[in-house]
Asker: 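The structure is given below, and queries will be raised subsequently.
Here is the naming used below: chain letters follow the sequence lines, and residue numbers restart at 1 for every chain. Computed from a prediction, not measured in an experiment: that's the story for all the values here.
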2 protein chains.
Amino acid sequence: MKPTIEEARHSLAHLLAAAVLELYPDTKLGIGPVIENGFYYDFDFSKPITADDLGAIEARMRAILPTWSEFRKLEVAPAEAKKRFISNPYKVELINELEAKKEGITLYQSGTFVDLCRGGHVKNASADIDPKSFSLSRVAGAYWRGDEKNKMLTRIYGLAFSTPKELEEYKTRLAEAEKRDHKVLGPQLDLFTFSELVGSGLPLWTPRGTLVRNLLDAYVWELRAKHGYERVEIPHITKKDLYVTSGHWDKYKDDLFHVKTREGHEFAMKPMNCPHHTQIYARRQWSYRELPQRYANTTMCYRDEQSGELSGLSRVRAFTQDDAHVFCRMDQVKEEFLKIWDIIHEFYPKFGFNLNVRLSRHDPAHPEKYLGDAKRWEMAESMLAAIAKEKGVMAIDGLGEAAFYGPKLDFLAKDSLGREWQVATIQLDMNMPERFGLTCINEDGKKEGIVMIHAAIMGSIERFLSILIEHTSGLFPVWLAPVQVTVVPINDKHADYASKVMAALAAASIRAELSPSTETLGKRVRAAELNKIPLIVVIGDKEASDNAVAVRRHGSKTSETKPLQAFIADVKKAVEERAL
Amino acid sequence: MKPTIEEARHSLAHLLAAAVLELYPDTKLGIGPVIENGFYYDFDFSKPITADDLGAIEARMRAILPTWSEFRKLEVAPAEAKKRFISNPYKVELINELEAKKEGITLYQSGTFVDLCRGGHVKNASADIDPKSFSLSRVAGAYWRGDEKNKMLTRIYGLAFSTPKELEEYKTRLAEAEKRDHKVLGPQLDLFTFSELVGSGLPLWTPRGTLVRNLLDAYVWELRAKHGYERVEIPHITKKDLYVTSGHWDKYKDDLFHVKTREGHEFAMKPMNCPHHTQIYARRQWSYRELPQRYANTTMCYRDEQSGELSGLSRVRAFTQDDAHVFCRMDQVKEEFLKIWDIIHEFYPKFGFNLNVRLSRHDPAHPEKYLGDAKRWEMAESMLAAIAKEKGVMAIDGLGEAAFYGPKLDFLAKDSLGREWQVATIQLDMNMPERFGLTCINEDGKKEGIVMIHAAIMGSIERFLSILIEHTSGLFPVWLAPVQVTVVPINDKHADYASKVMAALAAASIRAELSPSTETLGKRVRAAELNKIPLIVVIGDKEASDNAVAVRRHGSKTSETKPLQAFIADVKKAVEERAL
């Protein structure tokens, strides 16, 4: 039987440790588990090493590999194990724990190298592992057992795949992802910035970035308007009481930014909008005839993330939700879900994303994580399953992925690098309306409890943009590009006509910038490409005399000459259709 | 010489006390000062009184008045004064303080009534005060000397003017203002609401209110767009460091909502936007050719107001600024000021407001209140004075009204009740850019400090709306009304044509609602008037057969019949022109 990739990765962690010990004999070993795409091992080096040393270690691994024909299992008593690792406090600590838990202690030997290990290796490393299917990737600091009170060890990461081809493909993808890193591209394209004085995790949006945010948001609003959504607005702060009532306080109070007023009251910055929106619904008594009430709101939420967890726009302390809540009766849920489903399936293809759907259910083994009784949960989940079925979609089963107040349909977008991201969500909530006492007057003139639907199309605009920037490498579709056209006159002679073109574009509300002829044509075209401007218009004698433009799409080597008015019409059409 | 109105009001406070003592002899007197529009007196009654008792007290005042021909001054020693007021701990407390400060003690007697008093009365109350020129207005609780640790006394308020006519006019204005109170009208017209769970001072914006906010804001953006303003976006939170650098921390730290993160860092919710915007400017080095940079942002700010100071939308804990900052060189300031001036003078007349301008200067007697040296202040103030002069406006002199970072042009709007409100502001700031090290590269290739302009058109949207609601009594111009047209079919027969009218209005993006014929025509028209719908369209046989509508403007008794398409064209024109 072919060994699994996990077995190969685990074996390679041993091999890494063996190579390190040969090269740096006084090194103490920590642990070396398998991870996604490879493995790592933590070492306590007597002298620090750097990434420059990885080549030699990798070479030594390849030198040892042919000598490893087996992993020999040795069952030993705790005392013997401790004796063997007497000079290594990390292994002794692990052995003591195994002893305390009365678990058996096993060692595995390959060649001359012995490690404390539970097992799970390839049979014959020299035969089962292609020496070109792995490589060491990087060095990082890591506290022993992840606890910052412990000593900082050196972690060496390795990549490993079943074949050298897979390794190379992964490396190519990684390099491509690095080139597309939104943390680099975003500031480069002048979409957002961070300030030391404002703080990490708190992006500041430049004019270009704000324009992109607003265009995205306006599109969502356009799709929502057809379905009767109304805008509401709320402050970003509230008395704690709101979250005590909603149930969020118990679950999430450690993740909130807490505010103490001068009068000593406890306030919080909002980490979500649903509780505020319930209070807009609650302003008066509604008749069933007036439902659904559909409130939507593009607004920032805040979470007290730890500094170490922050990352570009993916993980921030302030993020903008395109949030909507539908207050309705149970018999209106299906129709409302379908409407939101349609919005989501109109929105995402406009960026070339394919969507998968996950039915995020509660975990019946952990009822303490959820509000409300099991029966209601099952009813709600079967309703959501029926909706996915009606849409002809095989939903992924998301056991335990529900919100604490109800089940969800989550939408997963696959990006151009094949990575999958959770984006939009539609959630059915039968609990919060009850906690807030939200009702309508029904056909019998009696108060009747209602339900609510939580719906976000982009989810967090920040996170959506981080995905979109990496998906497109910053080259947005024409309708979304902050600068749609760069006008490049070949030389000073063409400045007048270039101004005329600029004026015509401005009059047509096309976002254009002029690249004046202070640099060579080649340099200016390259600059426009680097700035991810989707359309480059070059202007020379012929264009000026023909009232035409030579249009070159980003990334194309050739250009097409067309009348200025035809070009304007093309751009307007692409914007209207939100063409890819 | 005619006595001043303050002397009359002061004399009336004595008269009130005299009348109370005659009616309730065991009452202890507190103090009785002059206030805007009248006077009050604080009493310690042995039994509580209510507003119902005011009539009798007022009658007794009028009975005593003819007997008061003088205010006789008595200079007395502290011991004698204390003896005279032996049974009144409040007066004794005041006398002790005067004695400690070695101030002379004076009593004033009119008729049989004697009070501890510094003086400032009319000569002859019976001749100088028209008995119809004053009235008692209300009763309230008030702590002795405003300190909640002291006993709660009963405060009786009186109104007093020079003539009965002025009193009546004031009362009419007051009644009108009460009818227009935005705290009543706002929720009645379903523009905003408050929730006990969210907290006071934190308005929640309903769909109608949000629509009005957004229409106002969109108009400001439309005016700004002509002048090259760009949108930016910022989080509502920051590290404290930002305000330490800006200088706000020293001045205003007690007014901020403070946030402590889980990692123990000090953050604050933003009480203004300028420091955040400087950090967007600071993201890169600018050339002088790229200035001005004009950033604008509609965004909420927060102040930790005390509960007792909150009032409707006028004084809130979360308010939305339509804030803009221009980063430029000193020689660009005048042009940028004039542009903003033009925006303000285009905006306010659209609501029927007349504007006055105030030049808000620093107070040279209190340099500690301001950043930067006197010379810069004088230069900046003379520049602002020159701008007002160029616009042909006599600016009001606002000594000591400057911001701590620079002088301002403040705009004051007079409302339909003759009240004046500070609204828009343009501020020159030569200090904050220096504190943040903001520069441009000048013509010589050297770094040069820049200045910034702070500009708000509405200021706070909440406060502007509170003024606008009271100014219009909730009857907004057609372009701004959340519901522009109510369609009233006379009876069921006209339902089909009414639907056709509704569809035609919707197709023209006119916000209309149908008033179905479940009530009488009169009731439905009255309801539309109460809801401050600017246009009521009544539909009967004739209108249905002629494809016409009978249009009635709010408040008008007559209607005008016109073809449906002509009506639609009229409404669209009114919206486009933002007609009053």
Asker: What heavy-atom pair brings B:M300 and A:I234 nearest, and what distance separates the two atoms?
Answerer: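 Closest heavy-atom pair between B:M300 and A:I234: CE-O, 3.4 Å.
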Asker: Most heavy-atom pairs under 4.5 angstrom with chain A, which of B:E305, B:Q306, B:E230?
Answerer: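 That would be B:Q306.
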Asker: Tell me whether B:E148 at atom CD has more than 12 heavy atoms from other residues, nucleotides or ligands lying less than 6.0 Å away.
Answerer: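 No, the 6.0 Å shell around CD holds no more than 12 heavy atoms from other groups.
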Asker: Would you mind checking which part of A:T320 comes under 4.5 Å of any heavy atom in chain B, side chain (CB onward), backbone (N, CA, C, O), both or neither?
Answerer: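 Contact with chain B involves no heavy atom of A:T320 at all.
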Asker: Non-hydrogen atoms of chain A under 4.5 Å away: do they reach the side chain of B:P203, the backbone, both or neither?
Answerer: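 The backbone, not the side chain.
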Asker: Pick whichever of A:V316, A:L256, A:V259, A:D241 has the most heavy-atom pairs under 4.5 Å with chain B.
Answerer: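 Most heavy-atom pairs under 4.5 Å with chain B: A:V259.
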Asker: With a 4.5 angstrom heavy-atom cut-off, is it the side chain or the backbone of A:Y302 that approaches chain B, or both, or neither?
Answerer: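 Looking at A:Y302, just its side chain touches chain B.
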Asker: What part of A:P275 gets closer than 4.5 Å to chain B, counting heavy atoms only: side chain, backbone, both or neither?
Answerer: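 Answer is neither: A:P275 stays 4.5 Å or more from chain B.
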Asker: For a 4.5 angstrom cut-off between non-hydrogen side-chain atoms, does A:R283 reach B:D190?
Answerer: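 Heavy-atom side-chain distance check passes, below 4.5 Å.
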Asker: Is a donor on one side and an acceptor on the other found under 3.5 Å between the side chain of A:K239 and the backbone of B:E196?
Answerer: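 It does hold such a pair.
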Asker: What I'd like to find out is whether the side chain of B:E263 reaches to under 4.5 Å of the side chain of A:D304, using heavy atoms alone.
Answerer: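 A side-chain contact under 4.5 Å is absent here.
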Asker: Is chain A contacted by the side chain of B:R208, its backbone, both, or neither, given a heavy-atom distance below 4.5 Å?
Answerer: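 Neither the backbone nor the side chain of B:R208 comes within 4.5 Å of chain A.
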Asker: Any heavy-atom pair between the side chains of B:H258 and A:K260 that's under 4.5 Å?
Answerer: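 Side-chain contact under 4.5 Å: no.
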Asker: Looking at every non-hydrogen atom in both residues, tell me the closest pair between B:P235 and A:A318 and how far apart they are.
Answerer: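 The answer is CB-CB, 3.7 Å.
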Asker: I need the residue from B:R231, B:K270, B:R262 with the largest number of non-hydrogen atom pairs under 4.5 Å to chain A.
Answerer: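 Maximum pair count with chain A is reached by B:R262.
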Asker: Please classify the contact of A:F319 with chain B as side chain, backbone, both or neither, using a heavy-atom distance under 4.5 Å.
Answerer: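 A:F319 has no heavy atom closer than 4.5 Å to chain B.
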Asker: Provide the closest heavy-atom pair for B:T261 versus A:F257 in the form atom of the first, atom of the second, distance.
Answerer: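 Here B:T261 and A:F257 meet closest at CG2-CE2, 3.7 Å.
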Asker: Quick one: which of A:L211, A:T206, A:T210, A:L204 gives a side chain to side chain contact (heavy atoms under 4.5 Å, CB included) with B:V232?
Answerer: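 Single pass found, and it is A:T210.
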Asker: Here's a test for you: under side chain to side chain contact (heavy atoms under 4.5 Å, CB included), which of B:L202, B:L197, B:V198 qualifies with A:H276?
Answerer: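 Testing A:H276 for a side chain to side chain contact (heavy atoms under 4.5 Å, CB included) against B:L202, B:L197, B:V198 leaves exactly one candidate, B:V198.
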Asker: For B:F194, is it the side chain, the backbone, both or neither that has a heavy atom under 4.5 Å from a heavy atom of chain A?
Answerer: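 Contact with chain A: none, neither part.
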Asker: In terms of heavy-atom pairs under 4.5 Å, which option from A:P207, A:A268, A:A296, A:P187 contacts chain B the most?
Answerer: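 Sorted descending by pairs with chain B, the first entry is A:P207.
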Asker: Under 4.5 Å, counting heavy-atom pairs only, tell me which of B:T193, B:N214, B:I237 racks up the most with chain A.
Answerer: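 Most heavy-atom pairs within the cutoff with chain A belong to B:I237.
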Asker: Who among A:M269, A:K240, A:R213 has the most heavy-atom pairs with chain B under 4.5 Å?
Answerer: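 Looking at each option in turn, the highest pair count goes to A:M269.
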Asker: Heavy-atom distances under 4.5 Å only: say whether A:T245 touches chain B with side chain, backbone, both or neither.
Answerer: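 Contact with chain B: side chain only.
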Asker: Please work out which of the three classes, parallel, tilted or perpendicular, describes the rings of A:H236 and B:H236, given edges at 30° and 60°.
Answerer: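 Parallel.
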